[in-house]
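Here is the structure we will look at, set down as structure tokens.
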Protein chains: 2
Amino acid sequence: MILIADDEERDRNWLKSLLTENFPDNMPVEEAHDGQQVVDMAAKLKPPLVFLDIKMPHLSGIKAAEQILNNLPNTGIIMLSNFSDEVYVRQLWKVVPPNGVFGYVLKNASNEQVVEATKAVLSGDCWIHPGIARVIQRTQNRATNLTTAEYEALVCIALGMTDHAIAKRLYLTEKAVQSRLKSLYAKLGIPGRGESHDTEFNQRCRAVFLSTKRGLINQSELDDWESKLSQETKAST
Amino acid sequence: MILIADDEERDRNWLKSLLTENFPDNMPVEEAHDGQQVVDMAAKLKPPLVFLDIKMPHLSGIKAAEQILNNLPNTGIIMLSNFSDEVYVRQLWKVVPPNGVFGYVLKNASNEQVVEATKAVLSGDCWIHPGIARVIQRTQNRATNLTTAEYEALVCIALGMTDHAIAKRLYLTEKAVQSRLKSLYAKLGIPGRGESHDTEFNQRCRAVFLSTKRGLINQSELDDWESKLSQETKAST
DNA sequence: AGCATATCCGGGGTTTACCCCAGCCAATTG
DNA sequence: CAATTGGCTGGGGTAAACCCCGGATATGCT
């Protein structure tokens, strides 16, 4: 039994036919179309393998993985994603248990790669798409990997908050915020005011641009953060 | 004869089988896998209908459409896109001739919608995906539609440039740049310094955030702009 | 012509974002 | 234990971003 979760019908059909052809022993293939549903179905069906699209309504694939692994730690998880965004790799690393079994394939993967990943995870190995190998590399390099503090600050400036607003929200001094931002700029390799020769940068906006380019943040994640933010400010009034 | 262009094999196959089933009279279906190739093939084959993915290597679907329509103004064009980004609608409006025939469908469209769009364009009508109707609305509303000047400034701040750098690049005064930005902020509905009660915003970053959210700009477009920028600065030294 | 709009430019302000420097505390590591 | 690292705090400064105002030009519409 294999459980797949994706909100796009076309992708579900593609994956389902691929699996039924290549893994007839693991039939049937069950389908879910959002994050909450796949968690419920996994609890009942206890499948050995679950495919999760990251971008799904109600509950993201990553959070769904977290809940599934809470109940059934031995479930094999294969994440499907459209992009090699570093945010997701960050989050995954926290969710997956130390010796957890999982795979990560991009949606532009060839059929052979998906089959390969499925075989690997079913037999207890990991399979990581080559396209995100360098991303994982970066998340473990001390000089470029962002700390949680820096990441929080990054999200805030990407939402367009001022230093003052960030300080209030994170219960910090403005100086502390600026300290976080300074080390963030350094890790992103953004030149300071005097050090640039050809082009001058507004570090704040430049940091957002580079981080988005590198997949450290993306729009759908920022939208989540913003809705949390507006909920909090609403609650505090 | 129908020509389709998409760099993703899976999408090509999906579209091709859909067309051969529903439009047997218009066989065969020819395929191209990037923007340059589809322009060349269109010149030779002179198909009445061309499907274009917007995001393609070498040449975007929009620029490909421009070149195809230059040679063969009566070609029917149907754009395929993953997102309802306002940038693309902006650009498209300039490229398509006043009475040009074209369609615009999002990639999450149902099979029925694609068939419907194809019928419409083949018989000389337009077909616009309902999801971008409101976007088109916005591009024609005076209060929210950005002028070219404001759009240029928006791209520059999104790349992380300072007022001074923007002025140098666009051959303007810093005051002129700030004037553009001011009206940009107004159209995006970003509150000024005194006017906000609950949340304070850094207008510059906030503008980038909101514009990205609304699809006025997106990362791949910005990457194009940045490569142009670095070419120019290289040439001027 | 009169009117509105878009754009650029100027003067003269305030606030915010960034700069350098130094020190303190906590947790980790050899 | 010392040594290092990550993080917060502070003083005191510069420059960039934003504010309000008025004025000039050009364009297009009625």
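In what follows, every chain begins at residue 1, and chains take the letters A, B, ... in the order their sequences are listed.
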>> For a quick test of reading the model: is some side-chain N or O of Q178(A) closer than 4.0 Å to OP1 or OP2 of dC8(D)?
In response: no
>> What is the separation between atom CZ on R204(A) and atom C1' on dC18(D), rounded to the nearest whole Å?
In response: 14 Å
> In whole Å, what is the span from the CG atom of L181(A) to the P atom of dG7(D)?
Replying inline: 13 Å
> What's the verdict on salt bridge (Lys or Arg N to Asp or Glu O under 4.0 Å) for K168(B) and D163(B), showing C-alpha distance, side-chain angles and the deciding distance?
Replying inline: CA-CA 9 Å; K168(B) 215 165 46 177; D163(B) 289 0; over 6 Å; no
> What is the distance from CZ of R206(B) to C1' of dC18(D), rounded to the nearest Å?
Replying inline: 17 Å
> Out of dC8(D), dC8(C), dA17(D), which has the shortest distance to the side chain of S179(A)?
Replying inline: dC8(D)
> Taking atom P of dT16(C) as reference, at what distance in whole Å does atom CD of Q203(B) sit?
Replying inline: 11 Å
> Quick one: E150(B) CD to dC8(C) C1', roughly how many Å, whole number?
Replying inline: 13 Å
> Do any side-chain nitrogens or oxygens of T173(B) fall under 4.0 Å of OP1 or OP2 in dC9(C)?
Replying inline: yes
> Is a side-chain donor or acceptor of R206(B) paired with a backbone partner of M161(A) at a separation under 3.5 angstrom?
Replying inline: no
>> Measuring from the side chain of D163(B) (C-beta onward, heavy atoms only), which nucleotide among dA17(D), dG7(D), dT7(C) has the closest atom?
In response: dA17(D)
> Counting only side-chain N and O atoms of R180(A), is one of them less than 4.0 Å from OP1 or OP2 of dC8(D)?
Replying inline: yes
> Between dC8(C), dA17(D), dC18(D), which nucleotide gets closest to the side-chain atoms of L172(B)?
Replying inline: dC8(C)
> Taking atom C1' of dA17(C) as reference, at what distance in whole Å does atom CG of L184(A) sit?
Replying inline: 14 Å
> In whole angstroms, how far is the C1' atom of dG7(D) from the CD atom of E174(A)?
Replying inline: 17 Å
> Phosphate oxygens OP1/OP2 of dG6(D): is one of them under 4.0 Å from a side-chain N or O of S183(A)?
Replying inline: no
>> Strictly below 4.0 Å: does N202(A) bring a side-chain N or O up to OP1 or OP2 of dA17(C)?
In response: no
> Under the 3.5 angstrom rule, does the side chain of S179(B) hit a backbone N or O of K175(B) as a donor-acceptor pair?
Replying inline: no
> For dG7(D), does either OP1 or OP2 sit under 4.0 Å from a side-chain N or O belonging to T147(A)?
Replying inline: yes
> Ignoring hydrogens and geometry, is there a side-chain-to-backbone donor-acceptor pair from S183(B) to R180(B) under 3.5 Å?
Replying inline: yes
> In whole angstroms, how far is the P atom of dC19(D) from the CD atom of E200(B)?
Replying inline: 13 Å
> Any N or O donor-acceptor pair linking the side chain of K175(A) to the base of dG11(D) at under 3.5 Å?
Replying inline: yes
>> Does any part of the side chain of E174(A), heavy atoms only, come nearer than 4.5 Å to the side chain of I166(A), both counted from C-beta?
In response: no
